[in-house]
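Shown next, in structure tokens, is the structure this report addresses.
Note on naming: letters A, B, ... go to the chains in the order of the sequence lines (proteins, then strands), and numbering restarts at 1 for each one.
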Amino acid sequence: MSNPFLDQAKLNPMQRKAAETTEGPLLVLAGAGSGKTRVLTHRVAHLILDMGVNPWNILAITFTNKAAAEMKERILHMCGETAADAWVSTFHSACVRILRREIEALDFSKDFTIYDDDDQGKLIDQILKQKQIDAKQISVREIKSKISDAKNRMLTPAEYRKEAGADFRTEKIAEVYSDYEKHLKSNNALDFDDLILKVIELFQKFPATLERYSKRFRYILVDEYQDTNHAQYILVELLASNWGNLCVVGDDDQSIYGWRGADITNILEFERSFPNAQVVKLEQNYRSTNNILNAANAVIDHNEGRKRKQLWSDKGEGDKLQVEHLSDEKAEAMFVQEEINTLCRAGCQYSDIAILYRLNSQSRLFEEILLGSGIPYKIYGGQPFYGRKEVRDAIAYLRLMVNPNDEIALRRIINVPKRGIGAATIDEIQQLANAHDDTLFGVILDCDQYQFSGRSAGRIRDFAVLMEDLISQSILLPMDEFMKFLLERTGLMDEYRKERTDEAKDRLENQEELINAVARYHVDYPEAALSEFLINIALVAEPEERLLAGGDTKGTVNLMTIHSAKGLEFKAVFLVGMEEGLFPLNRSATDEQQLEEERRLCYVAMTRAMEKLYLISTSYRMLYGETRPSTRSRFLAEVPCELCESKMEQAQERTFMSRQKRDWEVPPGGNANIEKLHIKTPLRTKYYTGATGVDDSAILQRKRQYEPAMKVRHKHFGEGTIISVKGNGDDMVLKVAFPDKGIKDLVAIYAPLEII
DNA sequence: CCTCCCAAGGTTTTT
DNA sequence: CCTTGGGAGG
């Protein structure tokens, strides 16, 4: 048993104050790496062990499942099993927990479905078609974000419309919003925003319910408070309305989700919203050396609206930041690769290293180069497991079993796998449903009562039989067996079995993994119904096993966007693509607010580093398949020269370009902007030509080796034989024959080819 | 109804 | 560069 008093001795005075100020509103401004999680867990332990608070009266809210799981585990470890009664969960799962108990008061059924981003898009698409609005005029994407905006600001469709005034587009969006809400209701579905909103609505309409919950939660903690949106703020305010013991922890400088509705004013104006609030600043950083901290501080200092903090550390100055400027993104990747080798020769583990970038698309080249050099790596992000098509299709069937009103699920699978029920047939069903005031699913199940045109009658009938079969088995079988039965009976698996490509194999494996996930869930929660499994996966996006496997990064370099790096730390960080237009990103650099968010992003990235921080930019960058000259990021200019290594060094050395020909003209004497910057801050510019031999990437060597009759493997087309090689250098074009895909012309430098 | 081809467009993503 | 969606043709 660990002794909490001993543990508490390890807290610094400010941390201790944050942990022990239990009464009244408290704002803890926790700088990057200041031991925030320690404070949160010790605070809970202090409540339970020192003050004798019943864990049942404690609510701790985080944003991610991972954070919630970690906190829960630490609390259990410190306080023992009794602490299991405390609610430690994400905003969304706390709300679902409440809604599963209370939502019938709002006229939804308990078996409601949660619509994720994809479902929302499908629903909006459907509405646009019904309303004959051209999706080109107003994109689904835009509408989705506008609706979410409106919801976060707690505007009903009617209120949103009023706000729209005479603006035609906004008016249209308001109309779609209104329909969208109607559809959610009739589908018995809630989107993510609704999970929060419906709880607020419940509390506002039924004061007795609010009283039950607000009396229960005597002590409330909210983590990552800078990421809360307006609705979440209101929810917290309601929950804390009885006792007022609300502790929020966050860092306004790390607010990077504004574009998702996070409202930074929540944290900036906490003291105004909760007048007698106390404030504790945690400014001692336990992560980074002072050179890194001072550089990060200097950058973030350029932002206007913020709570001043000055992070410091007792780790000494440490190494200077390494600022590198290279010719292009390929040189950048190769530089990073070499530097990783150097670091590792000096005793660094691969897992101590991270490559951070602004856009996911930047990962591709690093992947290629690292693959060629044999450095193990892991790329974070990408499609989450439950977001994969083959998994979602299977889940849609499950959803339909639980909630027959889920029209999005029905439309998704009615013709998957292909069974000859196309748009025209669905229209016909829709007409009948409208005429008889029934749902689509209702009409299908009662298909014998209706007249269908031509061939569709038989097909609908077959589908109805399939559905009835599934429904009865869903009741009879345990859920894991049902999952297996479903995948077989529907033909979802056969679809991929008969297609013998690598991709189909992957998809089959994912379907098998889904069966495993259901089985594991069934073992863990033998009493749980299918509906609970569905809620669970809607809120987690990744099965537990996969989360763990993903979390085990021993021995791999970590590649991820800066956004996904928040909350993590690495001994060495490569912050790449430090160029205007990329970071800060073009579309974000337009207004001051967005620029400040980009700068916070830069701050987050820099403060991930413990010992070594590389800031890397290039002269030319290919983005979206187009190579363009680039200029160094303004953020680089905000880093004081004396903290950087290369800035102090000699003037640039001019070398030849790494590529001979391009589709744009280099102005005589080079790019004016680059020259200007070079004069201001002399830089060492490195060029990689691939001609220097052994150390260079295998990719470049391979490029030269293509010859006719050679066997190659293509990422998508599989194995093939080179028929001819034309041109050289960047212009080299290969004609390759693939046994089942035919003859392809491939540009050698781009094609994902491997010589075999 | 399905499949193939071409044009357009393309942040960041805890839930 | 890649993915995606809409339109034409089978």
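- The phosphate of B:dT12 has neither OP1 nor OP2 within less than 4.0 Å of any side-chain N or O from A:Ser564.
- Summary of the strand contacts: A:Thr561 and A:Gly422 both lie near DNA chain B, and taking for each the nucleotide with the nearest heavy atom, the more 5' one is attributed to A:Gly422.
- Checked against the 6.0 Å centroid threshold, A:His92 and A:Phe63 do not count as a close aromatic pair.
- Side-chain N/O atoms of A:Tyr624 include one lying less than 4.0 angstrom from OP1 or OP2 on B:dT11.
- Here A:Asn586 does not reach the OP1 or OP2 of B:dG10: none of its side-chain N or O atoms lies under 4.0 Å away.
- A:Asp227 comes within contact range of at least one nucleobase, with a heavy-atom separation under 4.0 Å.
- One finds no side-chain N or O of A:Asn360 lying less than 4.0 angstrom from the OP1 or OP2 phosphate oxygen of B:dT11.
- Using a 4.0 Å heavy-atom distance criterion, A:Phe91 is classed as making no nucleic acid contact.
- Nucleic acid contact for A:Thr62: none, since no nucleic acid atom lies under 4.0 Å from a heavy atom of the residue.
- Residue A:Arg364 contributes atom CZ, which lies 13 Å from atom C1' of B:dG10 at whole-angstrom precision.
- In this entry the distance linking CD1 of A:Ile379 with C1' of B:dT12 reads 17 Å, nearest Å.
- Here CZ of A:Arg412 is found 10.0 Å from CD1 of A:Ile408. Values are rounded to the nearest 0.5 Å.
- None of A:Thr113, A:Asp111, A:Asp406 except one satisfies the side chain to side chain donor-acceptor pair (under 3.5 Å) rule with A:Arg399; the exception is A:Asp406.
- Within 4.0 Å of A:Asn415, counting heavy atoms only, lie sugar-phosphate atoms of the nucleic acid but no base atom.
- Taking atom CD of residue A:Gln137 and atom P of nucleotide B:dA8, one finds them 17 Å apart after rounding to whole Å.
- Residues A:Lys378 and A:Leu559 are not in side-chain contact: their nearest non-hydrogen atoms beyond the backbone lie 4.5 Å or more apart.
- If you measure from atom CH2 of A:Trp259 to atom P of B:dT11, you get 11 Å, rounded to the nearest angstrom.
- One cannot find a donor-acceptor pair under 3.5 Å joining the base of B:dT11 and the side-chain atoms of A:Arg260.
- One interatomic measurement links the two molecules: NZ of A:Lys566 to P of B:dT13, which rounds to 12 Å at whole-angstrom precision.
- Between A:Phe366 and A:Tyr357, the ring-plane angle classifies as parallel under the 30° and 60° cut-offs.
- Rounding to whole angstrom units, CD of residue A:Glu428 and C1' of B:dC1 are separated by 14 Å.
- Glycosidic torsion of B:dT11 falls within 90° of 0, placing the base in syn.
- Residue A:Ala424 is classed as a sugar-phosphate contact, given heavy-atom separations below 4.0 Å to backbone atoms only.
- Side-chain proximity of A:His563 to B:dT11, B:dT12, B:dT14: nearest is B:dT12.
- An OP1 or OP2 oxygen of B:dT15 is reached within less than 4.0 angstrom by a side-chain nitrogen or oxygen of A:Asn65.
- Atom-to-atom, CG of A:Leu128 to P of C:dG5 comes out at 13 Å; the value is rounded to the nearest Å.
- Annotation: of the two residues near DNA chain B, A:Leu539 and A:Leu359, the 5′-most nearest-nucleotide partner is A:Leu359.
- Across all strands, A:Ser361 comes closer than 4.0 Å to no nucleic acid atom at all (heavy-atom distances).
- Distance check, rounded to the nearest 0.5 Å: OH of A:Tyr180 to CD of A:Gln120 gives 3.5 Å.
- Rounded to an integer number of Å, the gap from CG of A:Leu575 to P of B:dT12 is 16 Å.
- The side chain of A:Arg141 has B:dT11 as its nearest neighbour among B:dT11, C:dC1, B:dT14.
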